[in-house]
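Everything numeric in this text was worked out from a predicted model, so none of it was measured.
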Number of protein chains: 2
Amino acid sequence: MSVVSCTPSMGRPRAFDAETALEKALDVFWRKGYDGTSLSDLTEAMGINKPSLYAAFGNKEQLFLKAIELYESRPCSFFLPALEKPTAYQVAEHMLYGAAMNMADQAHPQGCVVVQGALSCSEAAATVKAALLNRRVEGEQKLCARFEQAKIDGDLPANTDAETLARYLGTVLQGMAIQANNGASSEQLRQVAEMTLQAFPRKS
Amino acid sequence: MSVVSCTPSMGRPRAFDAETALEKALDVFWRKGYDGTSLSDLTEAMGINKPSLYAAFGNKEQLFLKAIELYESRPCSFFLPALEKPTAYQVAEHMLYGAAMNMADQAHPQGCVVVQGALSCSEAAATVKAALLNRRVEGEQKLCARFEQAKIDGDLPANTDAETLARYLGTVLQGMAIQANNGASSEQLRQVAEMTLQAFPRKS
DNA sequence: GGGGTTATTTACCGCTAAGTACAGATATCT
DNA sequence: AGATATCTGTACTTAGCGGTAAATAACCCC
C-alpha cells in the first residue's frame, strides 16, 4: 500500500521522490511536533516548494497524518511484529526490548512521534492530536486482546487482568519515549525493560 | 518565596491578582503546550491585557517558567513530599499513588505539564524545553540519591542498582502522564501503580 | 511538432503571532 | 494639592504563519 499519490503517466514528472520527501517531513514533525513545525521547516527539509507540497500531500495536517502512516509502516517498527510472538511473555519482551533499541536510536529523533507529535497542542492541531491518541489507545487494545488470547492459550494465568497488564506495558513504553527524549541510552532503556518484566506474570 | 514580582507601594495598584493570573496561565500552557499557546489565549484566560502581562511577567517564555515554578510548589504536588517517606518502598508507593491520583484529576488538565509542556517543539521553545528536561532529569537524580540512602539505611538490598530503579520509576511516572492524556482514570492508573510495585525489590 | 496535462517557480494573499508606544487612569508621598 | 510612580487600554509594528494564483517549464500522446 503506497501512502502517497501514485505518479500519473501524463504531464511533467515530479522532480522529487514523494516517499523520500515524506521521510524528511516525518523527521521534522518528530523533532518539533505538529505545532512547532512550520511550512518553511517542512519545505526546507523536504527540498521542495510550498505548491509542490500542497499538490502532493494536501496540506500540513494531511501531510502529518501521512507521515504517521509511514512511521508505523516502517520496517524498524516493533509494535505489531511483537504481537505475533508465541507467548504473552515473549510479546512483552520483544516489545520492550524493541522499544529500548528503537526509541534511543541516534539514526532518527529520539522517542516516538505518536507520543510526542501532538501531546499538548493548539486547537488547530486538535485533529492530529485525536489521531495520535487513537493510535495509542488502539495499540493498547490490541495488546489487551493478545493477552486475552494468551489466557486461552494457557501462557498467562487465568486470573490475569489483561487490561491492566496491557495498560502497564503501554505506560512503560510511553514512558520510555519520554526517557529517550531525556537523553537515556538504549542500554539504559534495556535495563528498564528488564525491570518491567519482573512485574510480568509467568506461566504458573 | 513569591514567584511573582512584589507589589510596590507607589503608583497605580495592580487591578488583578498576579498569583491567580499565573494559575490561569499554567492551565493554558498545561492544556496547549508552549508552542500551542498564543498570547491571546493567555491574556483571555488571565483576564488581563498584553501590556499588563509583559509588565508583570516579562514575556511568554518567562511567564511559562514562572508557571512551572508555581506548578511544582503547589500543595497538591506529590513528588518531593514522597521523597521524605521513611523507606524506599514507601517512597515509590506514595509517588506512584500520588501520580495516579493527581494526573487524572479532573480539576485540572490531565497529565503533567513538565512532561507535556514542551516535549517536541520549535526552536523558539528550546529554552523552555531544556528547562523541563532538566527538571525531569533532576527529579530522577533525587530519586536515585534517595534510593542510595535507602541502601545505606538497609531498606533496599545492598546490590540494588539505584540508578536503574530510579529510571524505572521515572519511566512509569512519565508514562502515566501520557496515559492520563489518553483518558485513563485515576483508578486505572492506580492499578498500573500496583503492578509497577511488583517489580520493586523488597527488604530481603 | 503541436496540444493537453502536470509540476515548478515566483509572488502574493489575509491573518495572527509576539511584542511595544503612548496616552490616560489611579494610586502614594511630600 | 501637586509631583511622581505605576498600571491599564487602545492601537500599532514587524515578522511569520498557512495557503494560493498565475505564469512558465517539462513531459506524453497523436
Checklist outcome for this item: B/Glu61 atom CD is separated from C/dA17 atom C1', nearest whole Å, by 16 Å
Checklist outcome for this item: Numerically ordered, the residues 34-41 of chain B set in heavy-atom contact under 4.0 Å with DNA chain C is B/Thr37, B/Ser38, B/Leu39, B/Ser40
Checklist entry - Can you tell me how far P of C/dA18 sits from CD of B/Gln62, to the nearest Å? => result 15 Å
Checklist entry - Can you name the residues that form a salt bridge (Lys or Arg N to Asp or Glu O under 4.0 Å) with A/Glu84, not counting sequence neighbours? => result none
Sub-3.5 Å pairs of nitrogen or oxygen atoms, protein against nucleotides 23-25 of chain D:
from: D/dA25; atom 1: N3; to: A/Arg12; atom 2: NH1; distance (Å): 3.2

Checklist entry - A/Lys50 side chain: which of C/dG19, D/dG19, D/dA5 is closest? => result D/dG19
Checklist entry - Looking only at side-chain N and O atoms, does B/Ser52 come under 4.0 Å of OP1 or OP2 in D/dC7? => result no
Checklist entry - Is a side-chain donor or acceptor of B/Asn182 paired with a backbone partner of A/Val137 at a separation under 3.5 angstrom? => result no
Item to check | Short side-chain N/O contact to C/dT9 OP1/OP2 from A/Asn49, under 4.0 Å | outcome: yes
Item to check | Protein-nucleotide distance (B/Asn59, atom CG; C/dA17, atom P), rounded to Å | outcome: 16 Å
Item to check | Sequence neighbours excluded - salt bridge (Lys or Arg N to Asp or Glu O under 4.0 Å) pairs with any residue from residues 184-194 of chain B | outcome: B/Glu187-B/Arg190, B/Arg190-B/Glu194
Next on the checklist: Check whether A/Thr87 reaches the backbone of A/Asp155 with its side chain - one donor and one acceptor, N or O, closer than 3.5 Å.
Outcome noted: no
Checklist outcome for this item: The complete set of salt bridge (Lys or Arg N to Asp or Glu O under 4.0 Å) pairs with one or both residues in residues 109-119 of chain B, sequence neighbours excluded, reads none
Checklist outcome for this item: A/Tyr54 OH to D/dA21 C1', in whole Å, measures 14 Å
Checklist entry - Does A/Glu138 pair with A/Arg135 as a salt bridge, N-O distance under 4.0 Å? => result no
Checklist entry - The side chain of B/Met10 lies closest to which of these nucleotides: C/dT20, C/dT28, C/dT8? => result C/dT28
Next on the checklist: I'd like to know if A/Lys151 and A/Glu148 make a salt bridge, using a cut-off of under 4.0 Å between side-chain N and carboxylate O.
Outcome noted: yes
Checklist entry - Taking the six-membered ring of A/Tyr34, is NZ or CZ of A/Lys60 closer than 6.0 Å to its centre and within 45° of its axis? => result yes
Checklist entry - Who pairs with A/Asp27 by salt bridge (Lys or Arg N to Asp or Glu O under 4.0 Å), at least two apart in sequence or on another chain? => result A/Arg31
Checklist entry - What does A/Pro13 touch in the nucleic acid at a heavy-atom separation under 4.0 angstrom: a base, only the sugar-phosphate, or nothing? => result sugar-phosphate
Checklist entry - Among C/dT8, C/dA18, C/dC29, which is the nearest nucleotide to the side chain of A/Ala15? => result C/dT8
Checklist entry - How close or far is atom P of C/dA7 from atom CG of A/Asp17, stated in whole angstroms? => result 14 Å
